[in-house]
Engineer: 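The structure is given below, and queries will be raised subsequently.
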Amino acid sequence: MNERDSEQVAHSLIARGYEHVSCETDADVVLLNTCSVRDMAEQKALGKMGMLGRMAKSRPETVFGFLGCMAQARGAELLKEIPHLDLVVGTQKFHRVADYVDDVVARKRSVVGIADPGLNRMDDLRFSIVDVEEEVGSQSTIRDQSLAPKQATAFVSIMQGCNMHCTFCIVPRTRGAERSRTISEIASEVRALVARGVKEVTLLGQIVNLYGRHEFPSGAAVAGRGPSISPFVQLLEAVSAIDGLERLRFTSPHPIGFRDDLIDAISRLPKIAEHVHLPLQSGSNRILKAMHRTYTAEKYAQLVGKIRAARPGIAITTDIIVGFPGETDADFRDTMRLVEQVGYDGLYIFKYSERPGTPAARLDDDVSREEKTARFLELEQAQRRHQEKIYRRYLDREIKVLIERPSSKSEADMTGHSTCHKVVNFPAPVELLGQVARVRVTQAKSNSLYGEILSAP
Ligand code: 5AD
C-alpha cells in the first residue's frame with residue numbers, strides 16, 4: 001500500500017513539472033514515505049532522514065519531508081526533533097503533497113536567496129508544514145506513464161483505513177476508518193491500466209474482503225450460490241470482466257468475512273490468481289482472542305480447507321507474530337503446529353513490537369527479546385525446510401509466468417511471478433517484458449524457481 005501511495009505522490013509531483021531523479025543527492029526534494037506497523041520500520045525511516053541531514057548541511061535549499069503513517073502518528077514532534085525536516089504530511093493528505101512542496105520550495109528559495117544558509121532553519125517552524133488532519137473521501141488516482149512506461153503489474157487501492165481493531169495494530173490510528181471507492185471508479189482505473197499494457201492488478205485494502213461493507217449493499221441471491229454476493233465479490237466480478245486483464249490478485253484479506261461467496265468466486269473466476277495471503281497471526285486460541293482476531297485456529301484451518309477445495313493447488317501464505325504479550329511456550333507450540341498443519345507456501349514472521357496507543361500496549365510486553373528471537377528462528381527454520389519441499393514439487397513442471405522485469409542477478413535473465421506467486425527466473429530477451437510465457441522449471445530453491453521458456457505469445 002505504501003508503494004502505491006508513493007507512486008501516486010510521485011505522479012502528482014511530475015504532473016506539476018517536477019522530475020524524478022535516480023539518486024537522492026541529485027534531488028531538490030526528498031520525501032520519505034513511512035510505515036509505523038513495527039518500531040523497526042520507524043527506526044529505519046528516522047535513520048535514513050538522519051543520514052540525509054548531512055546532505056542538508058551542504059545544500060540548504062533541498063526540501064526534506066516525511067509522508068505517511070509515521071507522519072500521521074507523530075506529527076509536529078518530528079519537526080521539533082529533526083532540524084532539517086521541512087514537511088510532515090499524514091496518510092489522509094497524500095493528494096496535497098504537491099501543493100505543500102511548491103510552498104516549501106518557494107519559501108526556502110527566497111530565504112536562501114536573501115540571507116545566509118544558517119537562517120534557513122527557522123526555530124519557530126514558520127517554514128515547515130505539518131498536515132495530518134483527517135480528511136475523508138479524497139482518494140484521487142493520478143496515473144501517468146512517466147515512471148514506468150512498460151509496467152506489467154500494478155497496484156490499485158480500493159479502500160482506505162480499517163475498523164477491525166486487532167489489539168497489536170496501529171493502522172486504525174494511522175489510516176483511520178474504513179472507506180471504499182466505487183466499483184465503477186476502480187474498474188475504470190483498471191481499464192486505463194490495461195490499455196497501457198498492464199496484465200495483472202493487485203487490489204489493495206487493509207482488509208480487502210471487507211471492501212464496501214459500509215457503503216454498498218450485498219447483491220441479490222443467486223440460485224445455489226449462497227445467500228448474497230458481497231461488494232468485494234461484485235468488484236472481483238467487474239474487474240475480472242475487463243478484457244485484456246490476465247490476472248487479478250488481492251491483498252490482504254481477513255479470515256473474518258472470508259465467506260462462501262468469495263470462495264465460490266475463487267473457483268469460478270479464472271483470472272483470480274492461484275494465491276491467497278491469509279494472515280493467521282497466531283495458532284493459539286488464547287492469543288488470537290487477546291489479539292482480537294475473533295476466529296479460532298480450528299476455524300482458520302477449516303477456511304484454508306475450503307479455499308483449497310475451491311482451487312486445488314492454490315498457494316497460501318501468511319503473517320505470524322511471535323512474542324505477543326503473554327505468549328507462552330505452549331502458545332507458540334500451537335502456532336508451530338498450525339503452521340505445519342496448513343503447510344504454507346510462504347511465511348512473513350514478525351516479532352511483536354509494541355505500538356504506542358494500541359490496546360496491546362497496555363499489556364506487559366513480557367516475552368523477552370531473546371525468546372522472541374528464538375521463536376522467530378525456530379519458526380523460520382521449520383518453514384525453510386517445508387518450503388524447500390514445496391518448491392521442489394515444481395521441478396519439471398510447466399508454469400505460466402508474467403515477465404515483469406530484467407533479473408537483478410543476471411543480465412541474460414528475466415524475472416516474473418507464476419500465478420501461484422512464485423518468483424521465477426529464466427533466460428529471455430527483454431522484448432518479452434509484459435508477456436505471459438510458458439516456462440519449464442529446471443531448478444528449485446527455497447524462495448525462487450529457475451526455468452526455461454517453452455513458448456511466449
Ligand atoms: N508487531 C509485530 N507485527 C505486527 N504486525 C502488525 N502490527 C504488528 C506489531 N505491533 C504484522 C502483522 C500484520 C503485518 C502486516 O504486520 O502480522 O499482518
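Values below: all heavy atoms of this structure, side chains included; hydrogens, waters and symmetry mates excluded. Whatever order the structure lists them in is the order used to number ligands and atoms, beginning at 1.
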Engineer: Determine whether the side chain, the backbone, both or neither of K351 has a heavy atom under 4.0 Å from any heavy atom of ligand 1.
Structural biologist: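 Backbone only; the side chain of K351 stays clear of ligand 1.
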Engineer: Return the residue, atom name and 0.1 Å-rounded distance of the protein heavy atom closest to atom 3 (N) of ligand 1.
Structural biologist: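 Minimum-distance protein heavy atom for atom 3 (N) of ligand 1 reads F350 CB, 3.5 Å.
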Engineer: Any nitrogen or oxygen of R355 lying under 3.5 Å from a nitrogen or oxygen in ligand 1? Just yes or no.
Structural biologist: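 No - when backbone and side-chain N and O of R355 are compared with those of ligand 1, no distance drops under 3.5 Å.
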Engineer: Quick one: nearest non-hydrogen protein atom to atom 10 (N) of ligand 1, plus distance?
Structural biologist: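 The closest heavy atom on the protein side is S353 O, 2.8 Å.
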Engineer: So how far is it from E178 CD to C162 SG, rounded to the nearest 0.5 Å?
Structural biologist: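 Between E178 CD and C162 SG, I get 5.5 Å after rounding to 0.5 Å.
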Engineer: Side-chain contact test, heavy atoms from C-beta onward, threshold under 4.5 Å: evaluate it for E404 versus T415 and give yes or no.
Structural biologist: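 SC-SC contact between E404 and T415 ruled out.
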Engineer: Show your working on side chain to side chain donor-acceptor pair (under 3.5 Å) between H386 and E340 and close with a plain yes or no.
Structural biologist: CA-CA 8 Å; H386 169 75; E340 195 179 334; over 6 Å; no
Engineer: Taking it one step at a time, do E371 and R375 satisfy side-chain contact (heavy atoms from CB on, under 4.5 Å)?
Structural biologist: CA-CA 6 Å; E371 193 54 41; R375 289 177 192 174; 3.0 Å; yes
Engineer: Among all protein non-hydrogen atoms, which one is nearest to atom 4 (C) of ligand 1, and what is the separation to 0.1 Å?
Structural biologist: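 It is I321 CD1, 3.6 Å.
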Engineer: Please evaluate residues D365 and K372 with respect to the criterion side-chain contact (heavy atoms from CB on, under 4.5 Å), reporting the C-alpha separation (whole Å), side-chain torsions for both, the decisive distance (0.1 Å), and the verdict.
Structural biologist: CA-CA 11 Å; D365 186 5; K372 282 179 189 160; 3.0 Å; yes
Engineer: Got the closest protein heavy atom to atom 16 (O) of ligand 1, with its distance?
Structural biologist: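 Nearest neighbour among protein heavy atoms for atom 16 (O) of ligand 1, to 0.1 Å: R38 NH1, 2.9 Å.
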Engineer: Specify side chain, backbone, both or neither for V37, according to which of its non-hydrogen atoms lie closer than 4.0 Å to ligand 1.
Structural biologist: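 Contact part for V37 vs ligand 1: both backbone and side chain.
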Engineer: Consider every N or O of F168 and every N or O of ligand 1, then say whether any pair is closer than 3.5 Å.
Structural biologist: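 For ligand 1, there is an N or O atom that lies under 3.5 Å from one belonging to F168.
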Engineer: Is it the case that S353 and D39 place a side-chain donor and acceptor less than 3.5 Å from each other?
Structural biologist: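 Their side chains do not contain a donor-acceptor pair, so the 3.5 Å distance test is not met.
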Engineer: Looking only at distance, does Q281 have an N or O less than 3.5 Å from an N or O of ligand 1?
Structural biologist: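 Indeed, backbone or side chain, Q281 has an N or O that close.
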Engineer: Determine whether the aromatic ring centres of residues F250 and F232 are separated by less than 6.0 angstrom.
Structural biologist: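 For F232 and F250, the ring centres are under 6.0 Å apart.
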Engineer: For atom 13 (C) of ligand 1, what's the nearest protein heavy atom and its distance?
Structural biologist: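 Nearest neighbour among protein heavy atoms for atom 13 (C) of ligand 1, to 0.1 Å: D319 OD2, 3.5 Å.
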